[in-house]
2 protein chains.
Amino acid sequence: MTRPSEITRERIMKSAERLFAERGYDGTSIRAIVTKARVNQAAINYHFDGKDGLYREVLREAFRTLTAQQLEHADEMKALSREAALTAFIRRQLHPLLARDESSRHMRIFNWETVRPTTVFRKLLSEEAAPFMGLAVELVRRFQPEADERTSMAAAVWLLGQCSVFLRNREQLAEPPMGLVLDEAAVDWLADTISRWAAGGLGRRA
Amino acid sequence: MTRPSEITRERIMKSAERLFAERGYDGTSIRAIVTKARVNQAAINYHFDGKDGLYREVLREAFRTLTAQQLEHADEMKALSREAALTAFIRRQLHPLLARDESSRHMRIFNWETVRPTTVFRKLLSEEAAPFMGLAVELVRRFQPEADERTSMAAAVWLLGQCSVFLRNREQLAEPPMGLVLDEAAVDWLADTISRWAAGGLGRRA
DNA sequence: ACTTTTTTCAAACCGCTGTTTGAATTTTAA
DNA sequence: TTAAAATTCAAACAGCGGTTTGAAAAAAGT
């Protein structure tokens, strides 16, 4: 691997990540990417074997860093009470709301995939989502130790849905008739509130 | 209004609704629409003033029929207990899971909009979502009569999120590592389960 | 019956898409 | 220093996108 080629590779990846997050796969032209990255148009085909290949790389990277954020804290969560662990989990899920950083871009790329999943994405999910889902299932199991597998899985998905609806519709929620502006303080409040509601729901007998 | 022109209008609308639901706005070409509808290509520009105009019509229609489904039952819900009303509401929200009918297509069209809302959609939402959101807020208020406005709104969104995560990710959820196959029986179970969890969460002190 | 309006139609237009090409340039290795 | 490999580059290619056009056909009005 030579140095200069790595540089253009990185420039392309960075620009592509931003544009894919903003406009989605179809909405992003390779001309837009190479202009932003200030590299030649053919570079994408040379380094990534086409637009598909580039997208695959961006997707893998996004998935890796997003789930890593939760998996890193798996151990310390075991030391917490189930309520505290739940709050910590939800807070981390809501993290993309706090900053317009890498994590919020990655989240947006995923949102595009939920409407019409690419085969690349489907495969990625079925191969690598297990650890993350395991974490969520483990968490809800602490509230419902006697629940069967399907119930636990549904509860985990249910929990994630409570977060994703705020992540996904942030802009819409800020406007009327909702008027839910999610600034930093509001996100703190939201994380606590969701935790309480979720814990209340799971706490009762299933 | 002449009869034959109404017929081609309807054919275009029907085909467009299906294709927009399946592939989204950008993913649907007017050539695909006119082929499916078996009308001339220029008909879209003639009847709808372009692809944008056609999409606007489809969107309005989808929104109208979707929210109508809940609003129709607003009165009878007042006669039910809060728990029963919640279950009925959630069951109706999950209805697109039960049949591959109009409602599930309309839901898909909306899902496309959540990633990158069209200005048409933004306007539609801010103008016409109030009655529907009002219904949801009213419902959660029965569990938390003392809650402030922001909390009630957040609770309503929270509630909708618990449903939409299953609506949106149906296909993904069926595959490993989740393995949640949502057939008719499973949807019944899911509606009950979500209602119980949501009621449990809202029931406690906010 | 005839005129006017509405509606359909095939063809063309023009801009944008992802990819390919083959030569020029740079980097690496001997 | 020199030969080979890797990388960059501008240009062209082929196909699809939404829209426009102007004439033909059908329908409505008189």
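To find a chain, count down the sequence lines: A is the first, B the second, and so on, and within it residues start at 1.
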Provide, to the nearest angstrom, the distance between the [atom1] atom belonging to [X] and the [atom2] atom belonging to [N].
X       : N      : atom1 : atom2 : value
A:Ile7  : C:dT27 : CD1   : C1'   : 13 Å
B:Ile30 : C:dT8  : CD1   : P     : 15 Å
A:Arg31 : C:dT17 : CZ    : P     : 6 Å
A:Asp26 : D:dG18 : CG    : P     : 12 Å
A:Ile33 : C:dT17 : CD1   : P     : 11 Å
B:Leu54 : D:dG18 : CG    : C1'   : 12 Å
B:Ile44 : D:dT19 : CD1   : P     : 9 Å

Discussion item. Enumerate the side chain to side chain donor-acceptor pair (under 3.5 Å) contacts for residues 115-129 of chain B, please, sequence neighbours excluded, ordered by first and then second residue.
Written reply: B:Glu113-B:Thr118

Practice prompt. Just jot down the ring pair (Phe, Tyr, Trp, His ring centres under 6.0 Å) partners of A:Phe132, sequence neighbours excluded, or say none.
Written response: none

Worksheet entry | Listed partners of B:Phe48 passing ring pair (Phe, Tyr, Trp, His ring centres under 6.0 Å), at least two apart | none

Item to complete: Enumerate the residues from residues 34-42 of chain B whose closest heavy atom to DNA chain D is under 4.0 Å, giving them by residue number; use none for an empty result.
Response: B:Gln41, B:Ala42

Discussion item. Can you list everything that forms a salt bridge (Lys or Arg N to Asp or Glu O under 4.0 Å) with B:Asp52? Sequence neighbours excluded, please.
Written reply: none

Worksheet entry | salt bridge (Lys or Arg N to Asp or Glu O under 4.0 Å) involving B:Asp183 - partner list, sequence neighbours excluded | none

Discussion item. Tell me every residue that passes side chain to side chain donor-acceptor pair (under 3.5 Å) with B:Arg11, counting only those two or more places apart in sequence or in another chain.
Written reply: none

Worksheet item: Taking only residues two or more places apart in sequence, or in another chain, which ones meet A:Arg105 in a side chain to side chain donor-acceptor pair (under 3.5 Å)?
Response: A:Glu17

Item to complete: Ignoring backbone atoms, establish whether B:Thr8 has a side-chain N or O less than 4.0 Å from OP1 or OP2 of C:dT8.
Response: yes

Worksheet item: Distance check: side-chain N/O of A:Ser29 vs OP1/OP2 of C:dT17, anything under 4.0 Å?
Response: yes

Practice prompt. Please work out whether the ring planes of A:Phe20 and A:Tyr55 are parallel, tilted or perpendicular, with thresholds of 30° and 60°.
Written response: perpendicular

Fill in: Contact list for DNA chain C against residues 45-53 of chain A - heavy-atom distance below 4.0 Å
A:Asn45, A:Gly50, A:Lys51

Discussion item. Given 3.5 Å as the limit, does a donor-acceptor pair link the side chain of B:Lys51 with the main chain of B:Ile44, or not?
Written reply: no

